[in-house]
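Everything on this sheet refers to the single structure shown next.
Treat the numbers as computed from the prediction; the structure is a model and nothing was measured. Residue numbers start at 1 and run along the sequence shown. Both ligands and their constituent atoms are indexed starting at 1 by order of listing. Keep in mind that the numbers below use all heavy atoms, side chains included, and drop hydrogens, waters and symmetry copies.
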Amino acid sequence: MSLLVEPSGDACGARVTGLDLSRPITDELAAEIRSIWLEHKVLAFPRQPMDDDALEAFTQAMGGFGHDPFFAPIEGREHVAAILREADEQSPLFAENWHSDWSFLERPPAGTCLLAIDIPPSGGDTLFADQAAAFAALPEERQDYLRTLTAIHSAKLAYAPEGTYGERDVGRSMAIKTDGSARATQPHPLVQRHPETGVECLYSTLGYIVGIEGMAQAEAFALLSELAQWQARDEFVYRHKWEPDMLVMWDNRSVLHKATGGYEGHRRELHRTTIAAWQG
Ligand code: SIN
């Protein structure tokens, strides 16, 4: 099969055509897609009228299912969650902050897949920020310093009962699960060598990072805030525009992502799976 790969022209992202993802994915095709994915970090597959069986089969072929601790799956599925906003919904937008999915787990997911189910006529773009490019563009001295730091990750600001999606979050149509286990912490190096490409990337950001080991909270927050501005500079960002029947997969180890609004009065639904941490 010959795939056509069209890079976005931004720091990351490419559009891939010349394949039919509703058909079984051979090992050869899976390896080709994974290799294009590692290079471009975010892949968009337009015109793929897939159902949830095909989405699950694709996720399996890309590395198997990751664990989704704070989403309830859609009915009849174990691994598919709905990113959903009803047309009249008033709750704050879901995932409007830069993040790397579930970075607070001991073994966070390698990637995430999102399949367009119901796409508004405009708005609802997803932004991606290339963290290999963000790290590479830092002065050498700064890189050396950041390499020495270990970040403390936690889901508490988002998913603990007192968090953004906790007990006070009413009227949301997404099936988010809140629970006290979100207060757990997990250390990860602030700069991680990508396990498959070997390229160093800034890993995750404020929101899921709640401190830095051995650093006073105020100092850590100042550093993380300054770094967060850098991580999301325009030159590192690809703005993804959704189309009906489009599948997107991104690499959580090398990009941050965030949702955007601008589709008030319209319904938006995407089906999401996570790709398990790489086994090596
Ligand atoms: C997500 O962070 O999983 C959702 C992104 C989006 O809704 O665009």
Any nitrogen or oxygen of [X] lying under 3.5 Å from a nitrogen or oxygen in ligand 1? Just yes or no.
{"X": "His99", "answer": "yes"}
{"X": "His257", "answer": "yes"}
{"X": "Asp101", "answer": "no"}
{"X": "Arg272", "answer": "yes"}

Taking only non-hydrogen atoms of Arg268, do any sit less than 4.0 angstrom from ligand 1? yes
Donor-acceptor contact below 3.5 Å, side chain Glu89 vs main chain Glu86: yes
Without swapping roles, check the side chain of Arg268 against the backbone of Tyr263 for a donor-acceptor pair under 3.5 Å. no
Report yes if the distance between the aromatic ring centroids of His153 and Phe104 is under 6.0 Å, otherwise no. no
Kindly assign one of parallel, tilted or perpendicular to the pair Tyr165 and Phe94, based on the angle between their ring planes and the thresholds 30° and 60°. tilted
On the 0 to 90° scale, with breaks at 30° and 60°, tag the Phe128-Tyr238 ring pair as parallel, tilted or perpendicular. parallel
Below 4.0 Å, non-hydrogen atoms only: which portion of Lys258 touches ligand 1? Side chain, backbone, both or neither. neither
For atom 6 (C) of ligand 1, which of Gly124, Ala259, Ala95 has the closest heavy atom? Ala259
Pairs where residues 180-191 contributes a residue and the test side-chain hydrogen bond (donor to acceptor under 3.5 Å, both in side chains) is met, not counting sequence neighbours: Glu162-Arg183, Asp179-Ser181
Got the closest protein heavy atom to atom 8 (O) of ligand 1, with its distance? Thr126 OG1, 2.6 Å
